[in-house]
Amino acid sequence: MPDEKEFIALLNQHQKIVYKVCNLYMDQHADREDLFQEITLQAWKAYGNFRGDAKFSTWLYRVALNTAITFFRKEKRQPDIYATDQVPDNHENSHDPIEEQVKAMYAAIGNLSKIDKAIVMLYLDDYDYKEIGEMMGITANNVAVKMNRIKTRLKEETQKNEANYNYQTRWN
C-alpha cells in the first residue's frame, strides 16, 4: 500500500507541474479544476507502481501529460489557452517589436498539436531531450527531430502571425 502522506507531500511540492499541464490543455477554469482532480486521481492510482527510477517530477509530468491527453480526447475539447486574444495587451497601440513577436509566438503555439504543445512546454521548462523523451514515452532522438520540426513551424507561423498583426495594426 502506497504511503498517502508521502504522496500528498510530493504532490504538494510539485503541484506547479500539474497546474502547467492543466493550463496548457484547458481554457476554462472549471475544466482546469476537473483535469487537476483527474491528474491527482491518476497519479495516486499509479503511485504504487512508482519505482523511483526517475525523479518524482519527471514521473508526475508523464502522468499529468498522459492524463491530460486522454481527458482531452474523451471530452473532445479544443484548447485555446494560447489564442492571441488571451495574451495580455497592455498597450493597444504599441508597436513594440518584442510584444508583437510574443503575441505571434503564443498564436503559433496555440496551433500546435497536443503532443507538440507538451514538448514545447517541457523544453521551455529546461528539460533536456532525454528527460522529455522519458516523460513522453519516446526516444531522445525522436524528441530532437520533433523539436526541429516544431521550431521550424513556430518560426513560420510566428512570421505569418506577426505580419498579420502588423497589417491589422496599421489599418486600425
Side-chain angles (χ1 to χ4, degrees), residues 1-88 102-103 105-147 149-151 153-154 157 161:
M1 181 80 177
D3 183 2
E4 185 177 341
K5 288 181 182 180
E6 180 182 311
F7 173 77
I8 291 171
L10 286 168
L11 186 64
N12 285 336
Q13 183 181 352
H14 299 285
Q15 68 183 338
K16 287 182 181 180
I17 291 169
V18 180
Y19 284 120
K20 284 180 187 180
V21 171
C22 291
N23 287 327
L24 181 69
Y25 285 94
M26 296 296 154
D27 59 342
Q28 300 296 318
H29 180 72
D31 294 336
R32 287 191 297 267
E33 287 181 353
D34 290 346
L35 181 56
F36 188 92
Q37 290 177 354
E38 185 66 21
I39 291 169
T40 302
L41 175 65
Q42 294 306 318
W44 171 246
K45 285 180 178 180
Y47 185 64
N49 297 327
F50 175 63
R51 298 182 308 257
D53 295 343
K55 293 187 289 185
F56 180 82
S57 59
T58 302
W59 176 83
L60 183 60
Y61 248 124
R62 186 169 188 172
V63 170
L65 289 170
N66 288 333
T67 302
I69 290 167
T70 302
F71 185 84
F72 183 80
R73 282 185 190 140
K74 282 182 188 174
E75 300 299 320
K76 296 181 182 168
R77 296 178 178 150
Q78 285 291 71
D80 291 326
I81 194 67
Y82 290 114
T84 55
D85 62 342
Q86 292 180 344
V87 177
V102 168
K103 286 180 185 219
M105 182 58 72
Y106 275 113
I109 291 171
N111 292 330
L112 295 174
S113 72
K114 298 177 290 289
I115 301 297
D116 290 350
K117 282 182 190 180
I119 291 171
V120 168
M121 178 184 70
L122 294 169
Y123 180 78
L124 293 174
D125 279 345
D126 291 327
Y127 285 94
D128 63 32
Y129 290 166
K130 183 177 183 241
E131 292 170 314
I132 294 170
E134 288 172 1
M135 288 182 235
M136 301 298 296
I138 58 178
T139 67
N141 286 341
N142 196 344
V143 172
V145 169
K146 284 182 174 290
M147 273 308 298
R149 290 178 183 160
I150 292 168
K151 286 177 184 179
R153 196 168 348 152
L154 287 176
E157 279 286 317
N161 289 336

Any heavy-atom pair between the side chains of [Y] and [X] that's under 4.5 Å?
| X | Y | answer |
| --- | --- | --- |
| D34 | F71 | yes |
| L65 | L122 | yes |
| V18 | L11 | yes |

Query raised in the report: Would the Y127 and Y61 ring centres measure less than 6.0 Å apart?
Result: yes

Requested in this report: Show your working on side chain to side chain contact (heavy atoms under 4.5 Å, CB included) between M121 and D125 and close with a plain yes or no.
Outcome: CA-CA 6 Å; M121 178 184 70; D125 279 345; 4.2 Å; yes

Report task. Nearest 0.5 Å please: distance from the CG atom of N142 over to the OH atom of Y129. Result -> 12.0 Å

Requested in this report: State which residues pass salt bridge (Lys or Arg N to Asp or Glu O under 4.0 Å) with R149; sequence neighbours excluded, sorted by chain then number.
Outcome: none

Query raised in the report: Are any side-chain N or O atoms of Y25 and backbone N or O atoms of K114, one a donor and one an acceptor, separated by less than 3.5 Å?
Result: yes

Query raised in the report: Does I39 offer a backbone N or O that forms a donor-acceptor pair with the side chain of Q42 under 3.5 Å?
Result: no

Query raised in the report: What salt bridge (Lys or Arg N to Asp or Glu O under 4.0 Å) pairs are there with at least one residue in residues 42-52, not counting sequence neighbours?
Result: R51-D53

Requested in this report: Would you mind listing every salt bridge (Lys or Arg N to Asp or Glu O under 4.0 Å) that reaches into residues 134-145, with sequence neighbours excluded?
Outcome: K130-E134

Report task. Look at the aromatic rings of F50 and W59 and report parallel, tilted or perpendicular, splitting at 30° and 60°. Result -> tilted

